[in-house]
Amino acid sequence: MTDSCRRALVEAIHSSPTQAVIYLSGGASQALGWLMSVPGASNTVLESVVAYSRMSMIQLLGKVPAQAASSQTAEEMALLAYNRALKLSKPGSPVLGVGFTGALASAQPKRGDHRFHVSTRTSDRFWTSTVTLTKGLRTREQEDGVSSQYLIKAIANASKVPGTFVPDLTESEVPDEYEKKFDEEEELKQLLSGIICFKVYPFSSDTSNVERKIILSGSFNPLHDGHLKLLEIATSICGGGYPCFELSAVNADKPPLEIPQINDRVKQFEKVGKTVIVSNQPYFYKKAELFPGSAFVIGADTVARLVHPKYYGNDYGKMLEILLGCKNTGCTFLVGGRNVDGTFKVLEDFDIPAELKDMFVPIPVEKFCIDISSTEIRKTQGLL
């Protein structure tokens, strides 16, 4: 692969909408330099980590790998990178997780093969490849260069960037490739089992280049005009951001939603052209970890639970610790008025701890005072 071909390929990657997190260990170090040296890198690379030491790899994976340089470890790294990319990416952008592990030439001669493993994960595809290099043919720097070429090619393929580029491998160095594709049902099964943290349905036509999400969470059974209006007003109060709805498929006090139920509720958002994120986290402190820096739109009834110690085992200190954790992620809560135990209440009716006051923002009653009950709608429709 010539320098000009490689640069053209990297430019094409940066021109694609894909945003990636890249985790490396044991090689392909030149690939990061190639990616970062071409203008537009910030469009593509959300984060890169080189887990070179054993302890670094253990902390990255959260366990001791069975074998550091293996296809299994590369796949585990790619999945971690994919979930990380979901959290860091701009709303609606296709995301990519990349894992690489290698056992290349070193100062002390290796008894085993010189090899590397590359894995990429997208929303609908897991791809893994192992390349065994001809031992003694190249220096360490040359092996790193070949593995870097191969990694760039893998990123391009996963980003759906066309090209006829060929890494500098010999005829005997034939990649051993494995691919698994997912349909939407399989992806939702992975969500429910915790393999992936959320799935985005970007139905909105909003193409604004913003990172902050304005999120209205709920069960949306059904979605109604009050939900749509509340999110619209909250977005205007925030001065902009990417408005989206969030549906948790896992509930704190109910069974998880079944896949047909998720599909039915998602279709509501497709009809009105609004983005919805399906997650597996019912608690706001976990949602804050999934969507750092976001503004959550909630009702006064939710505030009543958020700031009441009884929902934290009657432990005021635990409540404060958890909510300060939410605050530290950069999240805020926009609060609309709701009926609580038969009385219409607003944010000012609650005793918010001083340390948390700036995390809660009231939605003025004159801007929004619609209190529609999904339960009542289901009753009128004969669904209860």
Side-chain angles (χ1 to χ4, degrees), residues 17 19 46 85-95 123 191 197-249 262 264-284 286-303 306 326-327 329-338 346-347 359-372 374 377:
Q19 296 192 298
L46 297 168
L86 283 172
K87 298 175 185 179
L88 299 179
S89 62
K90 295 173 184 175
S93 296
V95 301
S123 64
L191 171 78
C197 56
F198 61 83
K199 175 174 173 56
V200 181
Y201 293 85
F203 297 133
S204 172
S205 58
D206 187 342
T207 57
S208 57
N209 192 29
V210 294
E211 295 185 356
R212 190 188 193 200
K213 300 178 184 73
I214 316 299
I215 302 174
L216 176 56
S217 301
S219 58
F220 307 112
N221 185 27
L223 173 69
H224 54 67
D225 289 342
H227 294 135
L228 299 172
K229 187 66 176 176
L230 178 57
L231 185 57
E232 178 186 334
I233 291 171
T235 303
S236 68
I237 291 174
C238 288
Y242 187 92
C244 51
F245 296 87
E246 185 256 340
L247 167 67
S248 177
I262 296 173
D264 286 344
R265 296 191 194 182
V266 166
K267 286 175 184 176
Q268 300 177 106
F269 297 95
E270 185 176 17
K271 289 178 181 177
V272 296
K274 301 297 182 183
T275 292
V276 61
I277 301 171
V278 181
S279 82
N280 53 19
Q281 293 297 345
Y283 300 108
F284 274 102
K286 288 293 187 180
K287 296 180 195 290
E289 294 174 4
L290 285 184
F291 312 112
S294 296
F296 290 98
V297 187
I298 62 176
D301 54 334
T302 300
V303 174
L306 271 179
C326 292
K327 183 178 178 179
T329 66
C331 290
T332 57
F333 293 96
L334 278 74
V335 183
R338 285 296 302 269
V346 295
L347 176 62
M359 188 169 64
F360 292 88
V361 179
I363 297 176
V365 174
E366 60 270 20
K367 288 193 174 184
F368 183 84
C369 189
I370 305 172
D371 191 18
I372 302 174
S374 295
I377 292 176

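Here the closest heavy-atom approach between residue Gly241 and residue Val210 is recorded as C-CG2, 3.8 Å. Between Ala249 and Leu191, the closest heavy-atom pair is CB-CD2, 4.4 Å. Closest of all the heavy-atom pairs between Pro91 and Glu211 is CD-O, 4.1 Å. Residues Gly299 and Arg338 come closest through the heavy atom pair CA-CG, 3.7 Å. Nearest heavy atoms, Val266 versus Val278: CG2-CG2, 3.9 Å. When all heavy atoms of Met359 and Cys331 are compared, the pair lying nearest together is CG-O, 3.4 Å.
The CD atom of Glu289 lies 11.0 Å from the SG atom of Cys197; values are rounded to the nearest 0.5 Å. Asn221 CG to Gln268 CD: the interatomic distance, rounded to the nearest 0.5 Å, is 7.5 Å. Remark: Thr329 OG1 to Lys287 NZ distance equals 13.5 Å, nearest 0.5 Å. Put simply, CG on Leu247 and CG on Asn280 are 11.0 Å apart, with the number rounded to the nearest 0.5 Å. The SG atom of Cys244 sits 4.0 Å away from atom CD1 of Ile277, with the distance rounded to the nearest 0.5 Å. A distance of 12.0 Å separates CG of Leu230 from CG of Asp225, quoted to the nearest 0.5 Å.
Counting heavy atoms from C-beta outward, Phe269 and Leu223 have side chains that approach closer than 4.5 Å. The shortest side-chain heavy-atom distance between Ser123 and Val200 does not fall under the 4.5 Å cut-off. Here the side chains of Pro94 and Pro17 are in contact, with some heavy-atom distance below 4.5 Å. Using a 4.5 Å heavy-atom threshold, the side chains of Val95 and Leu88 count as separate. Using a 4.5 Å heavy-atom threshold, the side chains of Ser279 and Lys286 count as separate.
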Trace of the side chain to side chain contact (heavy atoms under 4.5 Å, CB included) decision for Ile214 with Leu334: CA-CA 9 Å; Ile214 316 299; Leu334 278 74; 5.5 Å; no
Residues Thr302, Phe333; criterion side chain to side chain contact (heavy atoms under 4.5 Å, CB included); working and verdict: CA-CA 10 Å; Thr302 300; Phe333 293 96; over 6 Å; no
Stepwise side chain to side chain contact (heavy atoms under 4.5 Å, CB included) check, Lys274 with Phe245: CA-CA 8 Å; Lys274 301 297 182 183; Phe245 296 87; 3.8 Å; yes
Criterion side chain to side chain contact (heavy atoms under 4.5 Å, CB included) on Glu246 and Phe198, from CA distance to verdict: CA-CA 10 Å; Glu246 185 256 340; Phe198 61 83; over 6 Å; no
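Aromatic pair Phe220/His227: ring centres closer than 6.0 Å.
When atom types are taken as modelled, the side chain of Lys87 and the backbone of Pro292 share no donor-acceptor pair closer than 3.5 angstrom. Within the 3.5 Å criterion, the main-chain N or O of Ser219 finds a donor-acceptor partner in the side chain of Arg265. Between the side chain of Gln19 and the backbone N or O of Lys90, at least one donor-acceptor pair lies under 3.5 Å.
Aromatic ring orientation, Phe296 versus Phe284: perpendicular (interplanar angle above 60°, classes split at 30° and 60°).
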